[in-house]
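Each remark here refers to the structure printed beneath this line.
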Amino acid sequence: MINDFREALRIRIAASAAQLGSDPTQAAIEVTREEKFGDLTTNAAMVWAKALKKNPRELATELIATWNIPDEIFSEATVAGPGFINLRLRQDAFAGILHSILEHELPFGHLPQTENCKRWLLEFVSANPTGPLNIVSARAAAIGDALARIIESQGQVAHREYYINDAGNQVRLFGESVVARMKQERGEAAEIPEEGYRGSYVVDLAKKAIAEGLSDTDPESIGNWAIDQMVAAARNTLEKYRVNYQHWFKETTLRKAKAEWTTLETLRTKGYVYEQDGAQFLRTTADGLDDKDRVVVTSQGRPTYFLPDIAYHLDKYNRGFNRSINFLGPDHHGSIARMKAALRMLDIPDDFHEIRLIQQVNLMRGGEAVKMSKRAGELVTLEDLLEELGDNATAVDVARYFFLQRKFSTPLDFDQELAKQQSEENPAFYVQYAHARICSILRQLQAGSEADYVWQDRFIELLSEDETRAVIRKLMEYPIVLDRCVQALDPNNLTGYLTELAGVFHKFYHHHRVLGQERDLMSARVLLLLSVKKILADGLDLLGINAPEQM
RNA sequence: GCGCCCGUAGCUCAAUUGGAUAGAGCGUUGGCCUCCGGAGCCAAAGGUUGUGGGUUCAAAUCCCGCCGGGCGUACCA
């Protein structure tokens, strides 16, 4: 429906552009911010005026004159401000939005999946398996998963993937750390390696290893065992957090297939590898992308982290995805340039793979910063966070909503003292409350009167109060919001939108009664409520948050 | 030093990706329940968008310079 409206305007803009020799893609079509500006707006006149050497307002007036408004969709078109063209929808088209929200099987704003739809690979969290999931992982998990859900709503495929670094030096180092703790548990003298892992979870692992009767003679196999434990725990926590991956990709599967070495040979054949001081370097500076060349094989003959990572991304490409997004923590920005350079060497198009950095979460405790370091062991985990919030479904709702409210590109302060308070005052409840309140009203409707709650054209004029129109205007925006989330690769637009939708509904509720009204008016308002309920439930679902019928 | 990110109300953050009067929550102040759920609504106070320039019809948003904060700058992962 909204797309029909936009299309009606788009056609006119295109026709005018053709006539004037202007660029139609410059002109944006938007839902107006305020009702007084009409329903849809375009900046066509302002963006075209300069090239045509005309005054924007005069041009806008000329454009409107050729657009044959009013017609069956728009009731009026006016020029406002510096040259905006604002269009108002006819009341029947406007109120009819409810009809289209309720009658379609596919949720409003969703698109059907087609055979040759876009296939996305979203990699997120991929935390180092030598430590528990921290609070940045919590942020990344919420964002990656919600984005995947939104992409799926747009008729596309989103494949969630978690990369496990279960190979390399750290396995043995991790094993040695566990072994040292095992010995200490038995009262033997043992030192944790200098670069080892000192978190209390290592002690827990040691206890478990002893309980299972594992031998402490082989750090490597203890390391592998410990990593499996950590991955299983991460998986458990993430499931509780409503994040499910299609694929847990182990680095060792690449290593077993020697993928890092075949990738190295491919790069060498293309002339991008050279030897210096006994190490193998990749010429990542070739296109000026990186500021220095990177070691891919050490002088000891071991691949660095970078080499299997290149192989991994090549594997992503070869699996036939159209687009790959990798959400990384803020400390990884150094790896962007080198990966881009490497993928280009492998003839992978630049726009295939994109790294998005999720900015840090500054953990505070009563206004004081808390350091987060896996190696130091002082950290707050996702588990801790959920526990702090009550360790139930509501805790997940609150935590996810909190992270999804903020755009991921900005650093975020998270005060633990505020966490519990947040759980009572969190905007998540504001949105859920609107949903529960609607459900409560619907429960009180007379049974057996379903026939009253189907769309009738005579309802159109009953849906014209300011507060009612505000709700419908907000509903109209939903498809645009979903689209914007995909464009920005960030679900935070949807979170804000749901808060606004709940807001206009709460306002409507306080101004107009539903129950006990004259039959047609009540029916019209029930349809409004059903529409809001549908969008709230759908939007919350896309964020991975429950839409409770009672609270 | 060099590179990247960030600076918006007292606090935590938004701002339709360059749009019209910069908005929410928390906190502060004052109202609203014999009436569909007060986890709500209404109102008030709170801003030179760090700062100085530039770009244009239009800048919190883009460009340059400063100031402040964070991260990175491994033959670690």
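Below, chain A is the first sequence line, B the second, and so on; all start at residue 1. The figures here come from the full heavy-atom set of this structure, side chains too, leaving out hydrogens, waters and symmetry mates.
Straight-line distance between the P atoms of B:C62 and B:C26: roughly 30 Å, to the nearest whole Å. Rounded to the nearest Å, the gap between the C1' atom of B:C71 and that of B:U51 is 23 Å. Rounded to the nearest Å, the gap between the P atom of B:U17 and that of B:C32 is 42 Å. When the P atom is used for both B:G3 and B:G18, the distance is 24 Å, rounded to whole Å. Rounded to a whole angstrom, the distance from the C1' atom of B:C6 to that of B:A43 is 35 Å. The separation of B:G53 from B:U48, taken at their C1' atoms, amounts to 16 Å, rounded to a whole angstrom. Atom C1' of B:U49 sits at a distance of 23 Å from the matching atom of B:A44, rounded to the whole Å. B:C11 sits 13 Å from B:G50 when the P atoms are compared, rounded to a whole Å.
When both pairing distances are held under 3.5 Å, B:C35 makes no Watson-Crick or G-U pair with any nucleotide shown. In this structure, B:G1 and B:U73 make a Watson-Crick or G-U wobble pair, each of the two defining distances being under 3.5 angstrom. The pairing partner recorded for B:G47 is none, the criterion being a Watson-Crick or G-U wobble arrangement whose two distances lie under 3.5 angstrom. Nucleotide B:G10 is matched to B:C26 when pairs are restricted to Watson-Crick or G-U wobble geometry with both distances under 3.5 angstrom. When both pairing distances are held under 3.5 Å, B:A15 makes no Watson-Crick or G-U pair with any nucleotide shown.
The pair A:Arg525-A:Glu465 meets the salt-bridge criterion, with a side-chain N (NZ, NE, NH1 or NH2) lying under 4.0 Å from an Asp/Glu carboxylate O. By the 4.0 Å N-to-carboxylate-O rule, A:Glu123 lies close enough to A:Lys316 to be salt-bridged with it. Salt-bridge annotation for A:Arg473 and A:Glu477: absent, with no side-chain N of the basic residue lying under 4.0 Å from a carboxylate O of the acidic one.
Residue A:His512 is in base contact, counting any heavy-atom pair closer than 4.0 Å across all strands shown. Counting any heavy atom pair closer than 4.0 Å across all strands shown, A:Asp291 reaches no nucleic acid atom. If you check every strand for non-hydrogen atoms under 4.0 Å, A:Gln550 touches a base. Using a 4.0 Å heavy-atom distance criterion, A:His506 is classed as a sugar-phosphate-only contact. A:Val297 comes within 4.0 angstrom of no nucleic acid atom, judged by non-hydrogen atoms across all strands. Among the protein residues, A:Pro82 comes within range of the nucleic acid bases, having at least one heavy atom under 4.0 Å from a base atom. In this structure, A:Leu412 reaches the sugar-phosphate backbone alone: every heavy-atom distance under 4.0 Å involves primed, P, OP1 or OP2 atoms, never a base. Residue A:Ala80 is classed as a base contact, given a heavy-atom separation below 4.0 Å to a base. Residue contacts for A:Ala28: at a heavy-atom cut-off of 4.0 Å it reaches no nucleic acid atom on any strand shown. Base contact: A:Asn86 has a heavy atom under 4.0 Å from a base atom.
Remark: A:Gln444 is in phosphate contact with B:G37, judged by side-chain N or O atoms under 4.0 Å from OP1 or OP2. In this structure, A:Arg437 reaches the B:G38 phosphate: one of its side-chain N or O atoms is under 4.0 Å from OP1 or OP2. At B:G38, one or more side-chain N or O atoms of A:Tyr509 fall inside 4.0 Å of OP1 or OP2 (strictly under the cut-off). The side chain of A:Lys507 places an N or O atom within less than 4.0 Å of a non-bridging phosphate oxygen (OP1 or OP2) of B:C42. Dashed line: the shortest gap from a side-chain N or O of A:Lys407 to OP1 or OP2 of B:A15 is under 4.0 Å. Note on A:Thr410: a side-chain N or O is less than 4.0 Å away from OP1 or OP2 of B:A14. Distances shown here put a side-chain N or O of A:Tyr430 below 4.0 Å from the OP1 or OP2 atom of B:C41. Phosphate contact (OP1/OP2 of B:A74, side-chain N/O of A:Lys292, threshold under 4.0 Å): present.
Counting only heavy atoms from C-beta on, A:Thr499 has its side chain closest to B:A24 among B:A24, B:G3, B:A77. Listed nucleotides B:C71, B:A39, B:G25 differ in distance to A:Asp331; the shortest reach to its side chain belongs to B:C71. The side chain of A:Asp277 lies closest to B:C75 when the candidates are B:C75, B:C57, B:G72. Distances from the side chain of A:Ile441 to the nucleotides B:C36, B:G25, B:A77 place B:C36 closest. Distances were taken from every side-chain heavy atom of A:Asp413 (C-beta onward) to each of B:C71, B:U12, B:U56; the shortest belongs to B:U12. You'll find that the side chain of A:Leu515 is closest to B:C36, out of B:G37, B:C5, B:C36. Checking B:C36, B:A14, B:C75 against every side-chain atom of A:Val295, the shortest atom distance belongs to B:C75. Side chain of A:Met46, nearest nucleotide from B:A77, B:C42, B:G19: B:G19. The side chain of A:Asn492 approaches B:A14 more closely than any other nucleotide in the set B:A14, B:C5, B:G37. Comparing B:A77, B:C75, B:C41 by their nearest atom to the side chain of A:Ala279 picks out B:C75.
The aromatic rings of A:Phe414 and A:Phe403 sit parallel to each other, their planes meeting at less than 30°, with 60° as the upper class boundary. Ring planes of A:Phe281 and A:Tyr274: parallel class, angle under 30° (limits at 30 and 60°). Note on ring orientation: taking the six-membered ring where Trp is involved, the planes of A:Phe249 and A:Tyr312 are tilted (angle from 30° to 60°).
With its glycosidic angle within 90° of 0, B:C33 is assigned syn. Syn is the glycosidic conformation of B:U17, whose angle stays within 90° of 0.
Note: A:Phe37 and A:Phe84 fail the aromatic proximity criterion, with ring centroids not under 6.0 Å apart.
For the pair A:Arg484 and A:Gly334, both in contact range of RNA chain B, the more 5′-proximal nearest nucleotide belongs to A:Arg484. Along RNA chain B, the nucleotide closest to A:Asp490 and the one closest to A:Arg443 are compared, and the more 5′ of them pairs with A:Asp490.
You won't find any donor-acceptor pair under 3.5 Å spanning the side chain of A:Ser440 and the base of B:C36, going by distance alone. For B:G72, the base has no donor-acceptor partner in the side chain of A:His332 [N/O atoms by modelled type, under 3.5 angstrom].
For the pair A:Arg356 and A:Phe408, the cation does not sit on the ring face, since its NZ or CZ is not both under 6.0 Å from the ring centre and inside 45° of the axis.
With values rounded to the nearest 0.5 angstrom, A:Thr468 atom OG1 is found 4.5 Å from A:His512 atom NE2.
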